[in-house]
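Here's the structure, in structure tokens; my notes come after.
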Number of protein chains: 2
Amino acid sequence: MGEDRTARTAVRTITDLARLAGVSPGTVSRALAGKSLVNTKTREKIEAIAREHGFRPNQMASGLRRQKTGVIGVVIPLGHDTRQQISDTFFMTLLGFLADELTLEGYDLMLRRVVPKDDADWLDRFIGSGMIDGVIVIGQSDQFDRIEDVADGYGPMVVWGNHAEGQRHCVVGTDNRLGGRLAAERLIAAGAQRLAFLGDTTAIEFAARFAGAEDVVRRMGLPPIIELPTHLSPERASDEIARHLEAVMGRIDGVFAATDTLAALCLTGLRERGVAVPGDIKLIGFDDLPIASHTVPPLSTVKQDIAAGARGLVDLLLRRLAGEQTESLVLPPQLVVRQTA
Amino acid sequence: MGEDRTARTAVRTITDLARLAGVSPGTVSRALAGKSLVNTKTREKIEAIAREHGFRPNQMASGLRRQKTGVIGVVIPLGHDTRQQISDTFFMTLLGFLADELTLEGYDLMLRRVVPKDDADWLDRFIGSGMIDGVIVIGQSDQFDRIEDVADGYGPMVVWGNHAEGQRHCVVGTDNRLGGRLAAERLIAAGAQRLAFLGDTTAIEFAARFAGAEDVVRRMGLPPIIELPTHLSPERASDEIARHLEAVMGRIDGVFAATDTLAALCLTGLRERGVAVPGDIKLIGFDDLPIASHTVPPLSTVKQDIAAGARGLVDLLLRRLAGEQTESLVLPPQLVVRQTA
DNA sequence: ATTCCTGTTGCAAACGTTTGCAATGGGCGT
DNA sequence: ACGCCCATTGCAAACGTTTGCAACAGGAAT
């Protein structure tokens, strides 16, 4: 008992509520929106009824009328490596922070995972859906050009990824080239001379990290870095790394892994072969994921500030939504020396 | 050149397109929807124009009219442990698989992270928003009762979590109690007698794991399990675990961690104290996350089949959307013996 | 008493799509 | 040659909200 004070009339629309309150739908709309064009008494009455019936205005209708949805699209293109990435720790952590930031700003988040290979206009489709006010692209993958194309005609888009001179889309990301330099310098400072790079350089971010490392070895007159292309998904990566190690063992004394995840796998591979780290081979990763501090020995790495990245993405996107033109944001990476290099 | 065949007339609505094609909006709608009530010739013409102008029907309008949105809400309640969970590896992996499955079924995914403590009707608000056709709740957290309340009046909801006898909401999850039993049995089989449980049992899933372990020690007449409540976020957990170990060291010879993440941290803590694993203390985790196979020594654990879980969630939700009444789905956990127990 | 505000409210037209119903036309059977 | 049916299309009313404009009341100023 006590429950039946909620009238049997279900109040699903603003019009129902208006009827109950004895006012017009317009007034209800204004009252609920908090615009001050409505009498305090009336507003309170309306709010009371709304609360009592658990009424919430339909977001679809509101969105249609106002031509904005309160939803930000977040899309993860799976370019060169279909399986991985949506479960990749780095992207997931970034996504988590994004969710936090967007919620804080009153936006909802619509997540979409796309395979550009099977779906050429993945980006236009998302943008044109009318469901989102803006879009955040997590990772350029191998879709740099397509993103550039879209950037010309569509303002509210920010991309996580690598910044290239003169690019047209607004990007937030770590200075990968600098990160690569830091990594290589650390390996060399720890005593390594003949380096290898573990990772797939068709991903533009990884290419930049590789390039940074190359800068260093070239400057110091060391032999060129051996590229060891590797997929990101743990299942495939394990075997590939094993094969790589088989092939280059003895010819290298330092490994720069494109990712902590790869570094961790590499560490296991080295252990299995009885190779001492950092004794025989120095190893450094990238990202500073939680795993980096829990390998044995703990992984030296180049830290990306993921939280700052998320904040930057959202901040820039909001300003673009407000019509501002924004520059890209390049975050400084930070060397974290632990025990593998 | 060759680019200007795209007429300058921007075609944003179905009506624009209709004008261009010389038909009525209704026909365009039918053509684009693929319903076979339209002449092949006409359809092709319309499709051609649509393609040429990159036209996509507005999802908001469509959703409003059809009273369905093609969007599934995924909500992660952060109950007892505000900070964590959205970056928790387990939930993130589940989320990744969910994204895959939902995409496959033609649904979009709207992600929302909520703090029930600050926002009592988080679930009603999401459901009542009119933006989603159904909802998947990831983790019951400490919100079991609220979910139960909602389940009575709202069909299309499926929850990841623990199954309790006679509950009213449809849940998909691992048999946590059985998992707890497997873990305890393994610890004991490895030689442990005095067990501790690492984790916060106010989370219902963890409570079930704990209960399963208790079943075993009771049956075998061993001393009761010592509870070591611990937050999930790595930053807080590290210290808490250190303090716990300090307190119970020497009184235990086996640890059942509620999560692989906690187990990995515990392993580090034990190493720092010079405790041999599994020599002095046996250790077992839960989940079988990637990290489990890369600790040193690799972690024995109880595996949850995350992919199957995601598939189950989506499958049940779709059937509920179709009006079916569905039973809960309880997945069997699987013991994975590595080297810590 | 008349006029002019100001503060509230109602009216009705959007927003862009879908869909039941009716209208049109051509082909076919008789 | 007539009528009927079927395939295709157009018409217009929804879906639920927002918002410019107009209307209205009551009070203040003249």
Side-chain angles (χ1 to χ4, degrees), chain A residues 9-47 49-50 53-71 106 108 125 127-133, chain B residues 9-47 49-50 53-71 106 108 125 127-133:
Chain A
T9 15
V11 34
R12 318 192 32 69
T13 81
I14 229 173
T15 314
D16 297 341
L17 181 38
R19 198 175 310 121
L20 243 61
V23 296
S24 80
T27 305
V28 174
S29 172
R30 284 186 267 254
L32 262 33
K35 315 279 193 197
S36 59
L37 316 81
V38 52
N39 185 297
T40 314
K41 271 274 189 60
T42 324
R43 176 201 309 286
E44 278 165 3
K45 180 172 177 186
I46 291 174
E47 280 172 347
I49 303 185
H53 291 266
F55 171 78
R56 326 209 165 280
N58 184 307
Q59 295 274 101
M60 286 267 147
S62 166
L64 178 59
R65 171 63 224 237
R66 311 209 336 261
Q67 295 293 82
K68 48 160 67 182
T69 65
V71 180
D108 266 312
R125 186 200 305 289
I127 290 170
S129 72
M131 285 280 260
I132 58 178
D133 291 341
Chain B
T9 14
V11 33
R12 320 191 31 70
T13 81
I14 229 173
T15 314
D16 297 341
L17 181 38
R19 197 175 312 121
L20 244 62
V23 296
S24 80
T27 305
V28 174
S29 173
R30 284 186 268 253
L32 262 34
K35 315 277 192 197
S36 58
L37 318 81
V38 52
N39 185 298
T40 315
K41 270 270 187 62
T42 324
R43 175 199 311 284
E44 278 164 3
K45 181 171 178 186
I46 291 174
E47 280 171 346
I49 303 185
H53 292 265
F55 170 79
R56 327 214 165 277
N58 183 308
Q59 295 274 103
M60 285 267 147
S62 167
L64 178 59
R65 171 63 225 234
R66 311 206 341 260
Q67 294 294 82
K68 47 159 69 180
T69 65
V71 180
D108 267 312
R125 185 199 306 289
I127 290 171
S129 72
M131 285 281 261
I132 57 177
D133 291 342

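In what follows, chains are A, B, ... by sequence order, proteins preceding strands, each numbered from 1.
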Residues forming a salt bridge (Lys or Arg N to Asp or Glu O under 4.0 Å) with A:R19, sequence neighbours excluded: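 A:R19: salt bridge (Lys or Arg N to Asp or Glu O under 4.0 Å) contacts with A:D16.
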
Test salt bridge (Lys or Arg N to Asp or Glu O under 4.0 Å) applied to B:R65 - qualifying residues, sequence neighbours left out: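 Salt bridge (Lys or Arg N to Asp or Glu O under 4.0 Å) list for B:R65, sorted by chain: empty.
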
Could you tell me whether the phosphate oxygens of D:dT8, OP1 or OP2, come under 4.0 Å of any side-chain nitrogen or oxygen in B:T42?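 False: B:T42 side-chain N/O out of range (4.0 Å or more) of D:dT8 OP1/OP2.
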
Can you check the B:R43 CZ to D:dA7 P distance for me, whole Å?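 Roughly 14 Å, once rounded to whole Å.
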
In whole angstrom, what separates B:N39's CG from C:dG26's P?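 Computing the B:N39:CG to C:dG26:P distance gives 13 Å.
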
Within this structure, what is the CD-CG distance for the pair A:E47 and A:L32, rounded to the nearest 0.5 Å?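 Output value for this atom pair is 7.0 Å.
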
All side chain to side chain donor-acceptor pair (under 3.5 Å) counterparts of [X], not counting sequence neighbours:
X      : value
A:S24  : A:T27
B:D133 : B:T69
B:S29  : none
A:R12  : none

Residues that A:P57 engages under side-chain contact (heavy atoms from CB on, under 4.5 Å), provided they are two or more places apart: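 Here the qualifying residues are A:F55.
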
Rounding to 10 degrees, work out the angle separating the end axes of the helix from C:dA1-D:dT30 to C:dT30-D:dA1 (five pairs an end).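 So the angle between the two local helix axes works out to 50°.
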
Treat primed atoms plus P, OP1 and OP2 as sugar-phosphate and everything else as base, then score nucleotides 16-21 of chain D 5' to 3': B for base contact with protein heavy atoms under 4.0 Å, S for sugar-phosphate contact only, - for none. BBBBB-

